[in-house]
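This report concerns only the one structure given below.
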Amino acid sequence: MRRTRFLLAAASVAASTLAFASAVSAQTLTIESWRNDDADVWNNQIIPAFNKKYPNIKVQFKADPPTEYNAALNARLAGGTAGDLITCRPFDASLDLFKKGQLIAVNDVKGIENFSDVAKSAWSTDDGKTTFCMPMASVIHGFIYNKAIFDELKLVPPKTVAEFHAVLDKIKADGKYTPIAMGTADQWEAATMGFQNIGVNYWKGEEGRKALIEGKQKFTDPAYVQTFAELASWAPYMGDGFKSQKYPDTQNLFTLGRAAIYPAGSWDIPIFRKQADFEFDAFAPPVSDASGKCYISDHTDIALGINAKSKNVEAAKTFLSWIASSEFADIYANALPGFFPLTKEKVTVKDPVAAKFVGWRGTCESSIRNSYQILSRGTPNLENELWNVSAQVLNGTMKPEEAAKKAEDGLAGWYEPHKK
């Protein structure tokens, strides 16, 4: 009788263990993302590496086109059909999701200690006490150039604004190539690749960005007017038809070898590796004085959070902990050169152009885009306003002083520190 009870108990334990193992093996995490270009990397490299350690947690990567992501994600979150893991845009868009109770805090997730307060700031509450997405990577701005064209025309990568314009003049005088590949049809390109790219050297990075938030500086101050003025000076070098040129057109213009210089986000590097049949390199945003400090836009760009309605929260936390590891950082940095992990741990970037971008962290001071934290919460949205006025400055339909005033007036219309 005792033996029968023992066997029954053992069978019960075995059945429970089997049921638990079956439940664990049945867990599938779905990642929501806007990075549809990265699907192959996630499916062929990142997820298989995770499954070597955690074979019982299946992961699927699902991406929307970047321009559709916010609206599609918000609809799925509202309808209760969103995935378990949410790819987080920086600052206000993700903060809003957290405030609505759609993301959970990740303060207790192992690995969060691998990130500095600056790295976490894009996905933390204003007081910095609660982080709601695990940081993944930043992107850096600069200029990518066609080395064959530079060699042909005997050009040296410029370090100062004066040298930059001298290079542009030589390319234009030669007549075979468009000096600057950039268009204004999409507007965001003008602000992101133009205004934010070069502006950090004018408003001195974090010093100016924080002064805007505090109301100690205004867009009508000289640093911002000068940035718009420099941007306006690019127009004669951007080639025929730049006003109707969209972002993919700009990429094609450069990868086809028809343009010499591409005002860049480092995220373009993987695309250029696939499409360009020439060697390219990069130089940092030119400074006014070679002996002074330099600044770069090293923008916290992408993170991963947990859907508060996920039925697999513990498995999702396991995945986030792995995302915080040096193993993930190494895969991500080298599978997607131009996305730079935010972890404190050392990561070796193998792509030479990506390595050059990230190397600027050692010689220049880093900042982020000045419209992202706090300043785009009202109406008009500062980020969208900068898209519009930057494009108009390049199109010649708005003077630098007018663009600066429009940006400031919009901000002063709703943001208290700028009303004074």
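Throughout, residue positions are numbered sequentially from 1 according to the sequence presented. In what follows, every heavy atom counts, from backbone to side chain, and hydrogens, waters and symmetry copies are set aside. Remember, it's a predicted structure, so these values are computed and weren't measured experimentally.
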**Asked** Between the side chains of Q27 and N56, does any donor sit under 3.5 Å from an acceptor?
**Response** no

**Message:** Quick one about N395 and T184 (side-chain donor to acceptor, distance below 3.5 Å, no hydrogens or angles considered), yes or no?
**Reply:** yes

**Asked** Should D151 and K147 count as an ion pair when the cut-off is N to O under 4.0 Å?
**Response** no

**Request:** Run the salt-bridge test on E152 and K176 with the 4.0 Å N-O cut-off and return the result as yes or no.
**Result:** yes

**Asked** Does NZ or CZ of R209 fall inside the cone over W203's six-membered ring, less than 6.0 Å from its centre and within 45° of the axis?
**Response** no

**Asked** Would E401 and K399 pass as an ion pair if we require N to O under 4.0 Å?
**Response** no

**Asked** In terms of side-chain geometry, is the basic nitrogen of E416 or K419 positioned less than 4.0 Å from the acidic oxygen of its partner?
**Response** yes

**Asked** Do R273's NZ or CZ and the ring of F280 fall within the cation-pi criteria of under 6.0 Å and 45°?
**Response** yes

**Asked** Are S376 and E383 close enough that a side-chain donor and a side-chain acceptor fall under 3.5 Å?
**Response** no

**Asked** So, for W267 and H299, is the gap between ring centers shorter than 6.0 Å?
**Response** no

**Item:** Pair T87, E32: side-chain N/O donor-acceptor within cut-off below 3.5 Å
**Value:** no

**Item:** Within the 6.0 Å centroid threshold, strictly below: Y247 and W188
**Value:** yes

**Message:** Suppose we call two aromatic rings close when their centres sit under 6.0 Å apart. Are F328 and F50 close by that rule?
**Reply:** no

**Prompt:** Any side-chain donor-acceptor pair under 3.5 Å between Q217 and Y224?
**Reply:** yes

